[in-house]
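Down below is the structure, laid out as C-alpha cells.
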Amino acid sequence: LGVDGGGHTGIVKAVDFSPDGELAVSGGFQGDSYLNPGELILWDLESGQEIRRFDGHLYGIVDTRFSIEGSTILAYSGDVERFIASGDETVDGGILPDMVLWDVESGEIKESFDDLEHDVYELAISPDGALALAGSYYDNIASIWDLETGERVRTLEGHQEAVRTVAISPNGLQAVTASDDNSLILWSLETGAPLFKLRAGESNIMDVEITPDGRQAFSITHDSSLLIWDLVDAAKVKRFGQHGDMIWDVAFSPNGNKVLSISGASSPSIPVKDASLRLWDLESGAQLQYIPMSVDVSMQVAVMPDGARALTCSSDGVVRLWDLQSGREVLSLEGHQSLIPSLALTPDGSNALSGSVDGTLIYWDLDSGEVIHRMYSHPDANWALAISPDGRTALSDASDLGVILWDLDNGEEILRLERGEVVGDMGSTGMAYLPDGRTAVVESDGALIHWDLATGQEIRQIGRHDALRTRIEISKDGKLMLT
C-alpha cells in the first residue's frame with residue numbers, strides 16, 4: 001500500500017481491516033519525529049490506493065481499530081512515556097494523549113475522549129459498537145469507554161504490571177486482559193468485576209484472542225509458548241512442555257490423540273543442548289515419553305501406522321526406528337554418508353524413503369532393514385521428499401536440476417519437474433501430493449507451484465514464502481493446504 005506514491009512517511013504502528021475486508025486503516029508516526037502529527041490513513045484494498053487521511057491527532061498513532069459494523073474507526077495517539085524513553089529531548093512532559101472516533105464515510109470526528117488520564121497500548125471494540133476497551137501499559141489498568149457519549153464508564157483494576165493486550169468476547173458481555181505480570185483476567189463488562197484470574201507461568205503474555213464461540217482464548221507468551229484457556233471453567237486447557245533446543249518437526253499419532261516432537265541443535269556447527277524425542281498427550285498436554293538421542297541434529301520424525309513406533313533421520317546419516325512405549329531404538333538403518341534432512345513412510349508403513357545431502361535416496365524395507373533401491377539425485381539436494389498416496393511413486397528435491405518423480409517399484413526416474421532459473425542456492429524444501437496422487441504442490445525458491453505429474457507441466461502458482469525451509473501439508477480432502 002502506498003508504494004506508487006502517498007502512504008506513510010514514518011513508522012507504521014497499527015493496522016486493521018474493515019469487517020467486509022474491502023478497506024484497511026493504518027496508523028503511525030509522521031516522518032522521523034514522534035512529535036509530529038500522527039498519520040492515520042484509510043486504504044482501498046482492491047486498488048491499494050489511499051481513500052483519505054484522518055487529520056487531527058497531535059502526535060504519533062499507537063493503535064487503531066474499526067468498529068464491528070465498519071462505519072467508524074477508533075484511534076489513539078500520544079504515548080508521552082514512549083517518546084521520552086526514545087531519547088527525544090524535545091518532550092517537556094506536557095504532551096497529552098488523545099483518542100478519537102472517526103466517521104469512515106465522511107472522515108469527520110464523531111467523538112473525542114477528553115477524560116483520558118491513562119495511556120492506551122491496545123484497543124478493542126465491543127460487537128455492538130457501543131463500548132471500547134483500552135489497555136494501559138504504564139498504569140496497569142484497562143478502561144471501558146462509551147463510544148456514543150465519549151465518557152469513561154469504568155476502570156478495570158487487577159494487574160500488577162503493564163496491560164499489553166485486551167479482547168472482548170463475541171457476545172459483548174465479557175472481556176479479557178493480559179499483562180506483563182504473567183496473568184490473564186476475565187472481566188464482566190456489565191459490572192466491571194473480575195470473574196477470575198489465571199497465571200501463565202513465568203513469561204509475559206504478548207497477545208490474546210477469544211474464539212468465536214467465546215468459550216476459549218488463545219494467548220502467546222514472551223517465551224514463545226502458545227496457551228489455550230478455558231473461559232467457562234476458568235482453567236488453562238493445555239500447554240505442552242518445552243524442549244531445551246530447537247524443535248525440528250512434529251507428527252500426530254494415527255488416532256490423533258498424541259503428538260510426537262523432535263529437537264536438536266539448530267545447526268550441526270552449534271553445540272546441542274537437547275536432542276530428544278518427546279511424546280505428548282493432546283487432551284492433557286502431559287509428556288508421556290522422553291527419549292534422549294545421541295545425535296546433534298534430527299530434522300524429521302514420522303509415526304508408524306501402528307502408533308507404537310517412529311522413524312527419525314539425523315545429521316549422522318542414520319535412520320532410526322524407535323519403540324515409543326519403551327523408548328528403545330529397535331532398528332538402525334545405515335547407508336547414507338551425510339546429513340539426512342528428509343524422510344517419508346509408505347501408507348502401509350512397510351517401507352520408508354530417506355534423502356541425504358550426499359545426493360542419495362534410499363528406499364528401505366522396514367521389516368528386514370534392507371535396502372530395496374538406492375537412487376541418486378544431486379549433491380546438496382534431497383531437502384524434501386514425498387511418497388504418493390498409493391505408495392507407488394515419490395518426489396524428491398534435486399537442487400538446481402528440479403524435482404524428480406521416481407517409480408518406487410523399480411527405483412527409476414519417471415520425469416523431472418523443471419523449475420527454470422533458480423534464484424536461491426537451495427532447492428525445494430517442501431512438497432506434498434494431493435489425495436488423488438495425480439498432482440502435487442512443490443515449493444520452488446519460495447513459490448508454491450501446483451504440478452501435473454502425468455505431463456510434468458506447471459498448473460499454477462498458488463502463493464509464495466520469502467524464507468527457506470517451507471513445509472507443506474495438504475488436507476485429506478485436497479481442499480486446504482498448510483505451509
Would you check, one step at a time, whether the test side-chain contact (heavy atoms from CB on, under 4.5 Å) holds for T439 with I459?
CA-CA 9 Å; T439 65; I459 300 172; 3.8 Å; yes

Derivation of the side-chain hydrogen bond (donor to acceptor under 3.5 Å, both in side chains) call for S298 and S314:
CA-CA 4 Å; S298 295; S314 306; 3.0 Å; yes

Please step through side-chain contact (heavy atoms from CB on, under 4.5 Å) for the pair L133 and L156, ending with a clear verdict.
CA-CA 10 Å; L133 181 63; L156 309 180; 3.9 Å; yes

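Nearest heavy atoms, P170 versus G214: CD-CA, 3.8 Å. Closest of all the heavy-atom pairs between P341 and Q300 is O-OE1, 3.2 Å. Here the shortest heavy-atom pairing between D445 and R464 reads O-NH2, 2.9 Å. Taking each heavy atom of S266 and D245 in turn, the nearest pair found is N-OD1, 4.3 Å.
Annotation for E473: atom CD does not count as buried by contact number, only 12 or fewer foreign heavy atoms lying within 6.0 Å. Annotation for Y290: atom OH counts as buried by contact number, over 12 foreign heavy atoms lying within 6.0 Å. Other residues, nucleotides and ligands contribute only 12 or fewer heavy atoms inside 6.0 Å of the CD atom of E148. Under a cut-off of 6.0 angstrom, the local environment of NZ in K197 is crowded, with over 12 non-hydrogen atoms contributed by other residues, nucleotides or ligands.
Checked by atom type and distance alone, the side chain of R52 pairs as donor or acceptor with a backbone atom of E105 at under 3.5 Å. When atom types are taken as modelled, the side chain of S444 and the backbone of A447 share no donor-acceptor pair closer than 3.5 angstrom. Between the side chain of Q457 and the backbone N or O of D452 there is no donor-acceptor pair closer than 3.5 Å. Of the possible polar contacts, none joining the R152 side chain to the F113 backbone as a donor-acceptor pair under 3.5 Å is found.
Here the OG-CG distance, from S315 to L339, works out to 6.5 Å after rounding to the nearest 0.5 Å. Separation of atoms NE2 (H159) and CD (E161) is listed at 11.0 Å; rounding is to 0.5 Å. Rounded to the nearest 0.5 angstrom, I125 CD1 and L101 CG are separated by 7.0 Å. To the nearest 0.5 angstrom, Y433 atom OH is 8.5 Å from I387 atom CD1. For the atom pair E458 CD and W451 CH2, the distance stands at 5.5 Å (nearest 0.5 Å). Distance check, rounded to the nearest 0.5 Å: CH2 of W383 to OG of S342 gives 9.0 Å.
With sequence neighbours left out, R154 forms a salt bridge (Lys or Arg N to Asp or Glu O under 4.0 Å) with no residue at all. With sequence neighbours left out, the side chain to side chain contact (heavy atoms under 4.5 Å, CB included) criterion links S261 to H243, I247, V250, R278, W280.
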Just distance, no hydrogens or angles: give the donor-acceptor pairs under 3.5 Å from side chains in residues 187-195, sequence neighbours left out.
residue: W187; atom: NE1; partner: T177; partner atom: OG1; Å: 2.8
residue: S188; atom: OG; partner: E190; partner atom: N; Å: 3.4
residue: S188; atom: OG; partner: T191; partner atom: N; Å: 3.3
residue: S188; atom: OG; partner: T191; partner atom: OG1; Å: 3.2
residue: T191; atom: OG1; partner: A193; partner atom: N; Å: 3.2

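Classification of R438 and D436 as a salt-bridged pair holds, one side-chain N sitting under 4.0 Å from a carboxylate O. The pair R164-D207 does not count as a salt bridge, with every side-chain nitrogen at least 4.0 angstrom from each carboxylate oxygen.
Relative orientation of the W102 and F54 rings is tilted, given thresholds of 30° and 60° on the angle between their planes.
Judged purely by distance below 3.5 Å, without hydrogens or angles, the side chains of E39 and T9 pair a donor atom with an acceptor atom.
Just one of T312, V301, L343 meets the side-chain contact (heavy atoms from CB on, under 4.5 Å) condition when paired with D249; it is V301.
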